[in-house]
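Take a look at the structure set out below.
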There are 2 protein chains.
Amino acid sequence: MMELTRKGEYAIRGIVYLAGKPIDKVCLLSDIAAAVDVPPTFLAKIFQQFSKIGLVKSFRGTGGGFLLGRAAENITLLEVVEAVEGPIIPNRCVVTPSDCERSDFCNVHPVWKRVQGEVRSVLEGVNLKELASKERSDINN
Amino acid sequence: MMELTRKGEYAIRGIVYLAGKPIDKVCLLSDIAAAVDVPPTFLAKIFQQFSKIGLVKSFRGTGGGFLLGRAAENITLLEVVEAVEGPIIPNRCVVTPSDCERSDFCNVHPVWKRVQGEVRSVLEGVNLKELASKERSDINN
DNA sequence: CCCCAAAAAGACTATTTATATCTTTTTAGG
DNA sequence: CCTAAAAAGATATAAATAGTCTTTTTGGGG
Ligand code: SF4
Ligand code: SF4
């Protein structure tokens with residue numbers, strides 16, 4: 001349960017790789033894909049999504065490639081994940097309580113809200129700079 | 001992302017309903033299903049899983065039905081969810097780091113461990129007695 | 001012993017989501 | 001105008017989800 005998809009995993013790998021490069025280094029999709037071990041065509045789709053919302057900047061044609069859209073420390077893991085996976089929704093009633101006519105009196109409902117809050121909070125507390133750094137942020141795996 | 005399946009949602013509804021009944025009241029599957037608005041055949045499958053691990057007790061034949069396997073206050077939401085959805089796994093590397101040869105140096109890995117811990121902790125902090133009570137546990141939805 | 005009620009077990013189906021790949025088009029540099 | 005590279009769109013396959021249906025087992029009561 002609650003499993004990140006391949007798409008999400010690949011998205012993170014790709015953008016973290018970018019975050020580890022100099023801010024002005026334009027990277028080829030093919031290079032990124034090879035470096036992070038992701039099917040290039042799949043990563044292309046993912047980076048198109050990133051590009052649309054400005055998480056990365058893209059340049060076409062000769063000498064083209066990708067750059068981070070903002071400074072790495074200003075991009076949270078939450079943004080990256082939600083960009084490709086959609087919002088964090090432990091149960092549909094957290095987004096539209098009206099879907100379930102039990103939501104008025106349901107004691108489970110607030111629990112899912114709490115789960116959502118906790119997960120978002122963890123992911124929001126991590127930025128791409130930390131993720132890209134060579135220093136292992138956490139000793140205890 | 002991280003969405004509970006119908007199966008999980010139905011499972012919770014069903015067992016919370018049981019938890020709201022007197023401890024010795026044997027409930028018919030058909031009654032439970034009707035009360036919590038779940039397809040009876042689907043709920044049957046779910047309760048079979050519960051029964052196998054002792055979360056509920058079942059009785060066959062005339063006068064048969066279901067009882068809670070233990071006192072409601074001793075069953076956590078985490079147990080219920082994991083019984084039908086499997087363990088809480090935000091990313092496969094949290095269970096088998098060896099799957100990913102990047103796990104040694106990956107800074108994302110510990111984040112997923114943290115997410116897992118937070119979610120489990122929230123779900124473990126809620127028991128069926130609370131969920132079944134008429135009092136709305138949380139004012140702020 | 002026979003009938004009926006109810007859960008258990010297993011096979012089967014349809015729909016949706018995930019995981020890609022392939023082809024064509026657009027953009028840009030030299 | 002040729003080539004490099006991303007964007008867009010169509011297609012394909014596999015797996016998971018969300019059920020249903022049928023048959024079997026178990027137990028109680030007449
Ligand atoms: S029953 Fe409660 S938890 Fe389930 S969908 Fe409705 S409001 Fe949400
Ligand atoms: S790259 Fe990191 S987060 Fe992704 S699967 Fe490997 S260890 Fe886990």
Side-chain angles (χ1 to χ4, degrees), chain A residues 1-15 18 25-34 36-69 81 83-87 89 91-92 99, chain B residues 1-15 18 25-34 36-69 81 83-87 89 91-92 99:
Chain A
M1 187 211 178
M2 312 225 127
E3 204 155 344
L4 190 72
T5 65
R6 290 313 193 114
K7 187 177 176 189
E9 167 65 23
Y10 293 162
I12 296 169
R13 284 196 207 174
I15 203 167
L18 262 194
K25 159 82 176 172
V26 176
C27 297
L28 287 184
L29 184 79
S30 53
D31 291 346
I32 306 172
V36 300
D37 193 31
V38 168
T41 58
F42 201 171
L43 193 64
K45 289 297 176 194
I46 293 167
F47 269 57
Q48 282 170 27
Q49 287 188 255
F50 281 159
S51 181
K52 274 181 194 159
I53 60 175
L55 273 187
V56 305
K57 283 183 216 155
S58 72
F59 305 92
R60 324 225 280 201
T62 314
F66 294 91
L67 280 183
L68 265 195
V81 169
V84 295
E85 302 263 26
I89 299 175
N91 198 353
R92 63 187 61 188
D99 266 15
Chain B
M1 189 214 175
M2 311 225 129
E3 204 155 345
L4 190 72
T5 65
R6 289 314 192 113
K7 188 177 175 190
E9 167 65 21
Y10 294 161
I12 296 168
R13 285 195 205 174
I15 203 167
L18 261 195
K25 159 80 176 173
V26 177
C27 297
L28 287 182
L29 184 80
S30 52
D31 291 347
I32 306 173
V36 300
D37 193 30
V38 167
T41 57
F42 202 173
L43 193 64
K45 288 298 177 195
I46 294 166
F47 269 58
Q48 281 170 29
Q49 286 189 257
F50 282 158
S51 181
K52 275 181 193 159
I53 60 175
L55 274 187
V56 305
K57 281 182 219 157
S58 72
F59 304 93
R60 325 225 277 200
T62 315
F66 294 92
L67 281 182
L68 222 49
V81 168
V84 295
E85 301 262 28
I89 299 174
N91 199 352
R92 64 188 61 190
D99 266 15

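Reminder, nothing fancy here: chain letters follow the sequence lines and each chain counts from 1. Scope of the values below: all heavy atoms of this structure, side chains included, with no hydrogens, waters or symmetry mates.
A heavy-atom distance below 4.5 Å is found between the side chains of B:F47 and B:L18. Within the 4.5 Å cutoff, the side chain of B:L43 has no heavy atoms near those of the B:R13 side chain.
Counting to the nearest Å, the P atom of D:dA5 and the CD1 atom of A:I32 are 12 Å from each other. As rounded to whole Å, 12 Å separates atom P of D:dA16 from atom NZ of B:K7. Rounded to an integer number of Å, the gap from CZ of A:F42 to P of C:dC22 is 14 Å. Summarising the geometry, the separation between CD on B:Q49 and P on C:dA7 is reported as 17 Å, rounded to the nearest angstrom. When the C1' atom of C:dA20 is taken as reference, atom CD of A:E9 falls 16 Å away, rounded to whole Å. The distance from atom CD1 of A:I46 to atom P of C:dT21 is 11 Å, rounded to the nearest whole Å. Rounded to a whole Å, the CZ atom of A:F59 is 14 Å from the P atom of C:dG30. The CG-C1' distance, from B:L43 to D:dT17, rounds to 17 Å in whole Å.
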*Would you sort out whether B:V36 and B:Y10 count as a side-chain contact (heavy atoms from CB on, under 4.5 Å), showing the intermediate values?*
CA-CA 8 Å; B:V36 300; B:Y10 294 161; over 6 Å; no
_A:E3/A:E9 under side-chain contact (heavy atoms from CB on, under 4.5 Å): CA gap, chis, key distance, verdict_ = CA-CA 10 Å; A:E3 204 155 344; A:E9 167 65 23; over 6 Å; no
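The side chain of A:T41 places no N or O atom within less than 4.0 Å of a non-bridging phosphate oxygen (OP1 or OP2) of C:dA20. A:Y10 has no side-chain polar atom (N or O) that falls below the 4.0 Å cut-off from OP1 or OP2 of C:dT19. Within the 4.0 Å cut-off from OP1 or OP2 of C:dT19, at least one side-chain nitrogen or oxygen of A:T5 is found. Applying the 4.0 Å criterion to OP1 and OP2 of C:dA8, one finds that B:S58 has a side-chain N or O inside that range.
Residue-level contact check: B:F47 touches neither bases nor backbone, having no heavy atom under 4.0 Å from any strand. Contacts of A:S51 with the nucleic acid, taken as non-hydrogen atoms under 4.0 Å apart, involve only primed sugar atoms and P, OP1 or OP2. Among the protein residues, B:K57 comes within range of no part of the nucleic acid, since none of its heavy atoms lies under 4.0 Å from any strand.
In this model, a side-chain donor or acceptor of B:K45 finds a partner on the base of C:dA9 within 3.5 Å.
Each of A:L4 and A:R60 lies near DNA chain C, and the nucleotide nearest A:L4 is the one positioned closer to the 5' end. Residue-to-nucleotide proximity on DNA chain D shows that, of B:P39 and A:L29, the 5′-proximal contact is made by A:L29.
Between D:dA7, C:dA28, C:dA20, one nucleotide has an atom nearer to the side chain of A:Q48 than all others, and that is D:dA7. Proximity note for A:T62 (side chain, C-beta onward) versus D:dA8, C:dA7, D:dT3: the nearest is D:dT3.
Side chain of B:E85 to backbone of B:T5: a donor-acceptor contact under 3.5 angstrom is found.
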